[in-house]
Amino acid sequence: MRRSLPSLLALLVLAAGCGGDPGTPTSQRSTTGSPGTTTPATSASSRPQELQLDGVKPCDLLTDQQLSTLKIDRAGRPVDSDVYQTSACNWTVNGASSRLVPVTKEGIEVWTGGKRTGRPTKIEPIHGFAAITVTVPSDERNCDVMVDTASGQYLVATFAVTFGFQDKFPEPCDGARQLAEAAMQNLLK
């Protein structure tokens, strides 16, 4: 049977993506949400260390300098987070809000395993720790970034922009990532 050069190249590219060298870790994926969407499974190997969040006060996760860099000009307000059964910290400015939640009663796999509502998407690690964004398609002005800090624990960073203020703030997932990066920097000290 005779094949054209472009067809052979396409087959080679597909074949190369189907396996790796022996001993080379490959990405584990699990299907969640609607058919055809996949998200990464997380594991201890995706963390450089176990970073326990027990006893962490969420309003202490950002320094004054970081607050200024993030354009947050008001003190954080501690609130209860019924969803995560823990305390959170909210920062609200004119046109946007930020929230940090150290979750200690469940692991990030509740998102990647489809036990929670939202669309998880793998993103680049944050300070070496596996991370995902979680969005709800009907709410484009809000984004959560989840950072897998320890077995059964993760950090949630939420950023939301009020309608009409989109030109004054980063995209929601960019803002959530900046918030998560700042908090993780302090957790690692």
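Values below: all heavy atoms of this structure, side chains included; hydrogens, waters and symmetry mates excluded.
Between Thr92 and Arg74, the shortest heavy-atom contact is O-NH1, 3.0 Å. Across all non-hydrogen atoms, the minimal contact from Leu155 to Ala183 is CD2-CB, 3.8 Å. Counting all heavy atoms, side chain and backbone alike, Leu100 lies closest to Pro58 at O-CB, 3.6 Å. In this structure, Ser151 and Glu50 approach most closely via the heavy-atom pair N-OE1, 2.9 Å. A pairwise comparison of heavy atoms in Leu70 and Leu62 identifies CD1-CD1, 4.1 Å as the closest pair. Residues Phe165 and Gly95 come closest through the heavy atom pair CG-CA, 3.5 Å.
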Would you check, one step at a time, whether the test side-chain hydrogen bond (donor to acceptor under 3.5 Å, both in side chains) holds for Gln153 with Asp148? CA-CA 7 Å; Gln153 299 188 359; Asp148 186 23; over 6 Å; no
Candidate pair Thr133 and Asp144, rule side chain to side chain contact (heavy atoms under 4.5 Å, CB included), full reasoning: CA-CA 6 Å; Thr133 59; Asp144 296 325; over 6 Å; no
Trace of the side chain to side chain contact (heavy atoms under 4.5 Å, CB included) decision for Ile132 with Ile123: CA-CA 5 Å; Ile132 60 173; Ile123 61 173; 5.5 Å; no
With side-chain hydrogen bond (donor to acceptor under 3.5 Å, both in side chains) as the test, would you mind laying out the steps for Asp80 and Gln85 before giving the verdict? CA-CA 8 Å; Asp80 289 332; Gln85 302 173 8; over 6 Å; no
Going through the distances and angles, do Asn142 and Val161 end up as a side chain to side chain contact (heavy atoms under 4.5 Å, CB included)? CA-CA 7 Å; Asn142 185 60; Val161 179; over 6 Å; no
Would you check, one step at a time, whether the test side chain to side chain contact (heavy atoms under 4.5 Å, CB included) holds for Thr135 with Cys173? CA-CA 9 Å; Thr135 57; Cys173 288; 3.8 Å; yes
Let me see the working for Tyr154 and Glu106 under side-chain hydrogen bond (donor to acceptor under 3.5 Å, both in side chains), right down to the final yes or no. CA-CA 8 Å; Tyr154 59 100; Glu106 64 186 16; 2.5 Å; yes
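The shortest side-chain heavy-atom distance between Glu109 and Lys115 does not fall under the 4.5 Å cut-off. Within the 4.5 Å cutoff, the side chain of Lys105 has no heavy atoms near those of the Tyr84 side chain. Side-chain atoms of Trp91 and Ser97, non-hydrogen and from C-beta on, never get closer than 4.5 Å to each other. Side-chain contact between Ser98 and Phe159: present, with at least one pair of heavy atoms (C-beta onward) separated by less than 4.5 Å. When side chains are defined from C-beta on, Ser87 does not count as touching Pro78, because their heavy atoms never get closer than 4.5 Å. At a threshold of 4.5 Å between non-hydrogen side-chain atoms, the residues Val79 and Arg99 count as touching. Val156 is not listed as a side-chain neighbour of Val145, based on a closest heavy-atom distance of 4.5 Å or more.
Side-chain atoms of Thr149 come within 3.5 Å of backbone atoms of Leu51 as a donor-acceptor pair (strictly under, hydrogens ignored). For the pair Asn186 (side chain) and Leu61 (backbone), a donor-acceptor distance under 3.5 Å is present. Within the 3.5 Å criterion, the main-chain N or O of Leu188 finds no donor-acceptor partner in the side chain of His127. In terms of modelled atom types and a separation under 3.5 Å, the side chain of Gln65 and the main chain of Thr63 share no donor-acceptor contact. A donor-acceptor pair is defined here as one N or O able to donate and one able to accept, closer than 3.5 Å; such a pair exists between the side chain of Arg177 and the backbone of Glu124.
Criterion: ILVMFWY side-chain heavy atoms under 4.5 Å apart, direct or through other members. Under it, Val83 and Val101 are part of a common hydrophobic cluster.
With values rounded to the nearest 0.5 angstrom, Asn90 atom CG is found 8.0 Å from Cys59 atom SG. The CD atom of Gln66 sits 10.5 Å away from atom CD of Glu181, with the distance rounded to the nearest 0.5 Å. One distance of note links CG of Asp54 with OG1 of Thr86; it measures 9.0 Å at 0.5 Å rounding. The distance from atom CZ of Arg141 to atom CZ of Phe169, rounded to the nearest 0.5 Å, is 13.5 Å.
Environment of CZ in Arg116: crowded, with over 12 heavy atoms of neighbouring residues, nucleotides or ligands closer than 6.0 Å. Atom CD of Gln49 sits in a crowded spot, with more than 12 heavy atoms from other residues, nucleotides or ligands closer than 6.0 Å. Summarising the local packing, CG of Asp167 is surrounded by more than 12 heavy atoms from other residues, nucleotides or ligands at distances under 6.0 Å.
Results of the side chain to side chain contact (heavy atoms under 4.5 Å, CB included) test with Met146 over Thr112, Val110, Ile108, Val103 single out Ile108 as the only residue that passes.
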